[in-house]
Amino acid sequence: MNLAALDQNARDVGPYGEDFDYGEAFESLDLDEVKADVEDALTTSQDWWPADYGHYGPLMIRMAWHSAGTYRTTDGRGGAAGGTQRFAPLDSWPDNANLDKARRVLWPVKQKYGRNLSWADLIVLAGNVAMESMGFDTFGFAGGREDEFEADESADWGPEQEMESWDRFDEDDMLSNPLGATVMGLIYVNPEGPEGEPDPEWSADRIRQSFSRMAMNDEETAALIAGGHTFGKVHGADDPEEHVGPEPAAAPIEDMGLGWESDFGTGMGDDTITSGIEGPWNSTPTMWDTSYLDNLLDHEWEPEQGPGGAWQWRPVDADEVDAAPQAQGDGEQTPMMLTTDVALKRDEDFREIIEGFQSNPMAFLDAFAKAWYKLIHRDMGPPERFLGPEVPDETMIWQDPLPDRDFQPVGDEEADQLKSKILDANLSRQQLVKTAWASASTYRDSDKRGGANGARIRLEPQRSWAVNEPAELEMVLETYEGIQAEFNDSRSDGTAVSLADLIVLGGNAAIEQAAADAGYDVTVPFEPGRVDAEAEWTDEESFEALEPQADGFRNYLGDADDYDRKPEELLVDKADLLDLTPAEMTALLGGLRTLGATYQNADHGVLTDDPDALNNDFFVNLLDMGYEWEESDEDGIYEGYDRDTGEVAWTGTRFDLIFGSHDRLRALSEVYAAEDGEEQFVEDFVETWHEVMTLDRFDLE
């Protein structure tokens, strides 16, 4: 089992130090000046990689799209945040061929602004500036993406061992979870068609699957394809397999991080080989208009293998289609289409959408502007993380908006009163802890969604998730609602408590009481100020993606058939989404087990005779050589036999036993199981619990 993803959470490999505030640095910029410098770079062609049509705009749009387009709703991973397109494997994906040159074109801008402008922001901003310089009105831009300085170890890009292969579909042609792209090394789908077949109908199905995993509906999907393909061209002057050298990760050292060197002609300009498909989509590749839609809908198209040997589509009535200029020089080219373009025309639903765009250009512009804005910002989280003067006033439902707080949060005295009320209610400590955990642990650091703020656990779909034990949750929420109403009705000074705060406060109270029963006087930190979300601003379908198929912290393993991973690997994945280190994961799971906070109150992993006390029994008994563990007849359950009596003393799952069998996790468990380790365990558990409860409190930063 690989803990590399959690190790990344444990260290900062960047050079700026903990005190550096990127948000503050970004907001010190004159964004208009930055954009002017970007536009100057985009319109100044370089001899070492000449710009198509004298404008790098289309190349920058592709770069920004491919940076943001790795995002997938399934686990929130991918996207533009971090600027990870700079690192392998993304920098060497076939779909990102020659984007290394785009980043080198932008290097003088990055060099000028240094730490104040992250690569992650610059890559996206360049796409916006490119569109604006070619006549398109973008919807807005938000800064705030911090740079990573290594690849993301947590992202599963697929099972294949070779690029441009596709062993990721089941017998019903459904894409495996958590993947978003249909082909290894591509952002979405194969432009030639599924499995290299120029089949538009099949392509439409693959497009719909892939783009829906990227949080796009049919209209947004059609708008992105049509809008993006309004600009630029594709490059396939000849067969890439015969002429193109290795990708950046495999290129010789003297190439200085550049890849895909071509020996065809000059290797650039009109001789460029990227995808192996050749040609522009329209006669105005550096101008925003509807000519892409006009060409696609007003002409018939037939498949052919272009000069690069790849499948593409030519107009049947080529003489009737306005020719495009050559990317370099004075020649002309006949526009082409990809199989993925023709798919929009052949699929009944997509066709209705693009015909509407053609007849109403302003609707097309608006749809593309908002879909593009969503694409490049989808992984940034809530609106309070969006920085800069071009952030739109409008908040979209995909940003999981929360209402403004219109009350004074409770102070320490009121919080203590509320904790007493909660503890006096007819609720067990396990119910209090599990409800707080269920609310807060929806958070995903990958795309900054979920968390306790908003108390969306009381709304659909979270209220009905199996892992949340709906019947028991209903009773807890009703109790909290009663406490909330009584408290708020008693105040006349504007002070109130939200259900979101009450849920967290209840978990804290239970932990403090359990620690006291073990002999430790602890106070779990509590920062009030959470608000309660509204149902009309909660996209139920979107939130379904946050439902955990497995939660090892609650010893829950649901229907995880779609995941070809062992339970303990799913635990690590969950811990990474919560931004935990290996030590934090260990302390947190051990504490939740000791408190008996398991799914359906099962005894599995509750290796203690006193689940009301926060002690180190889980670690002590797990590592005790007086017990021998064997797999039971019940699937996924292990039994711990007392070596002296032969009786079953404990039961557990792979989520539990991994802390005794894995070398690094055992080493951490030994610290907490030692006679002098219990106090440190209690302290570490409380600290980690507090971190999880506040992961989504961006208002505190």
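Any value given below was found using the heavy atoms of this structure, including those in side chains, with hydrogens, waters and symmetry copies removed. Note that the numbering runs from 1 along the sequence shown for the chain.
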When you compare the side chain of [Y] with that of [X], does any pair of heavy atoms fall below 4.5 Å?
X: D152; Y: Q8; value: yes
X: L459; Y: E534; value: no
X: N116; Y: F26; value: no
X: T73; Y: M214; value: no
X: L588; Y: M585; value: no
X: E679; Y: V522; value: no
X: L3; Y: L665; value: yes
X: Y520; Y: E678; value: yes

Exercise. Could R444 and D75 be called an ion pair, given the rule that one side-chain N must be under 4.0 Å from one carboxylate O?
Worked result: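 Result for this pair is no, no salt bridge flagged.
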[atom1]/[X] to [atom2]/[Y] distance, rounded to the nearest 0.5 angstrom?
X: R458; Y: N468; atom1: CZ; atom2: CG; answer: 14.0 Å
X: N177; Y: R565; atom1: CG; atom2: CZ; answer: 9.5 Å
X: R405; Y: N453; atom1: CZ; atom2: CG; answer: 9.5 Å

I'd like to know if the side chain of [X] pairs up with that of [Y] as donor and acceptor (distance under 3.5 Å, no hydrogens or angles considered).
X: W689; Y: N508; answer: yes
X: R449; Y: T442; answer: no
X: Y22; Y: D121; answer: yes
X: T653; Y: N555; answer: yes
X: N128; Y: W372; answer: yes
X: H377; Y: Q399; answer: no
X: S154; Y: R77; answer: yes
X: R530; Y: S498; answer: no

Exercise. Of all heavy-atom pairs between A120 and G83, which one has the smallest distance, and what is that distance?
Worked result: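 A120 and G83 have their closest heavy atoms at CB-N, 3.3 Å.
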Problem set entry | Heavy-atom pair of closest approach, residues D610 and N615 |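 Heavy atoms only, the tightest pair is O-ND2, 4.4 Å.
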Quick one: does any side-chain atom of [X] pair with a main-chain N or O of [Y] as donor and acceptor, under 3.5 Å?
X: S490; Y: F487; result: yes
X: E414; Y: G411; result: yes
X: T594; Y: D617; result: no
X: N621; Y: L607; result: yes
X: T598; Y: R554; result: no
X: Q431; Y: S428; result: yes
X: E584; Y: T581; result: yes

Exercise. Can V433 and I511 be said to form a side-chain contact (heavy atoms from CB on, under 4.5 Å), step by step?
Worked result: CA-CA 7 Å; V433 170; I511 290 170; 4.2 Å; yes
With sequence neighbours left out, write down each residue that passes ring pair (Phe, Tyr, Trp, His ring centres under 6.0 Å) with [X], or none if nothing qualifies.
X: W437; result: F553
X: Y443; result: none
X: F407; result: none
X: F619; result: Y672, F681

Exercise. After noting the C-alpha distance and the side-chain angles of K448 and D696, does the key distance pass the salt bridge (charged side-chain N to carboxylate O under 4.0 Å, His left out) rule?
Worked result: CA-CA 7 Å; K448 309 299 188 288; D696 63 336; over 6 Å; no
Please list every donor-acceptor pair under 3.5 Å in which a side-chain atom of residues 472-479 meets a protein atom from a residue at least two apart or in another chain.
unit_1: E472; atom_1: OE2; unit_2: K434; atom_2: NZ; d: 3.4
unit_1: E474; atom_1: OE1; unit_2: R463; atom_2: NE; d: 3.0
unit_1: E474; atom_1: OE1; unit_2: R463; atom_2: NH2; d: 3.1
unit_1: E474; atom_1: OE2; unit_2: R463; atom_2: NH2; d: 2.8
unit_1: T479; atom_1: OG1; unit_2: M475; atom_2: O; d: 3.0

Exercise. Going through the checks in order, is the salt bridge (charged side-chain N to carboxylate O under 4.0 Å, His left out) test met by E220 and K374?
Worked result: CA-CA 9 Å; E220 292 165 331; K374 180 178 179 179; 3.2 Å; yes
Exercise. Within 45° of the ring axis of F20 and under 6.0 Å from its six-membered ring centre, is that where the NZ or CZ of R115 lies?
Worked result: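 Geometry flag: set, cation within 6.0 Å and 45°.
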For this session: Please work out which of the three classes, parallel, tilted or perpendicular, describes the rings of F139 and Y373, given edges at 30° and 60°.
Result: perpendicular
For this session: If the plane angle is over 60° it's perpendicular, under 30° parallel, otherwise tilted; pick one for Y599 and Y556.
Result: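 Perpendicular, since the angle between the ring planes exceeds 60°.
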Exercise. Does any pair with a residue in residues 383-393 pass side-chain hydrogen bond (donor to acceptor under 3.5 Å, both in side chains), and if so which ones, sequence neighbours excluded?
Worked result: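 Qualifying pairs, neighbours excluded: K35-E390.
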I'd like to know whether [atom1] of [X] has more than 12 heavy-atom contacts from other residues, nucleotides or ligands below 6.0 angstrom.
X: D493; atom1: CG; value: yes
X: K421; atom1: NZ; value: no
X: E675; atom1: CD; value: no
X: D424; atom1: CG; value: yes
X: D521; atom1: CG; value: no

Exercise. Stepwise, does the salt bridge (charged side-chain N to carboxylate O under 4.0 Å, His left out) test hold for D656 with R593?
Worked result: CA-CA 9 Å; D656 305 306; R593 288 294 190 277; 2.5 Å; yes
Exercise. For L695 and D445, what are the C-alpha separation, side-chain angles and deciding distance, and is it a side-chain contact (heavy atoms from CB on, under 4.5 Å)?
Worked result: CA-CA 8 Å; L695 283 169; D445 197 57; 5.5 Å; no
For this session: Check the pair E460 / S464 against side-chain hydrogen bond (donor to acceptor under 3.5 Å, both in side chains), numbers first and verdict last.
Result: CA-CA 7 Å; E460 295 296 346; S464 298; 2.8 Å; yes
Exercise. What do the steps show when you test D532 against R456 for side-chain contact (heavy atoms from CB on, under 4.5 Å), and what is the final call?
Worked result: CA-CA 7 Å; D532 296 332; R456 283 189 165 94; over 6 Å; no
For this session: Decide salt bridge (charged side-chain N to carboxylate O under 4.0 Å, His left out) for R429 and D517; before the verdict, give the C-alpha distance in whole Å, the side-chain angles of both, and the deciding distance to 0.1 Å.
Result: CA-CA 12 Å; R429 294 180 192 175; D517 285 354; 2.7 Å; yes
For this session: Applying side-chain contact (heavy atoms from CB on, under 4.5 Å), run through F685 and L614 and close with a yes or a no.
Result: CA-CA 9 Å; F685 173 76; L614 182 58; 3.7 Å; yes
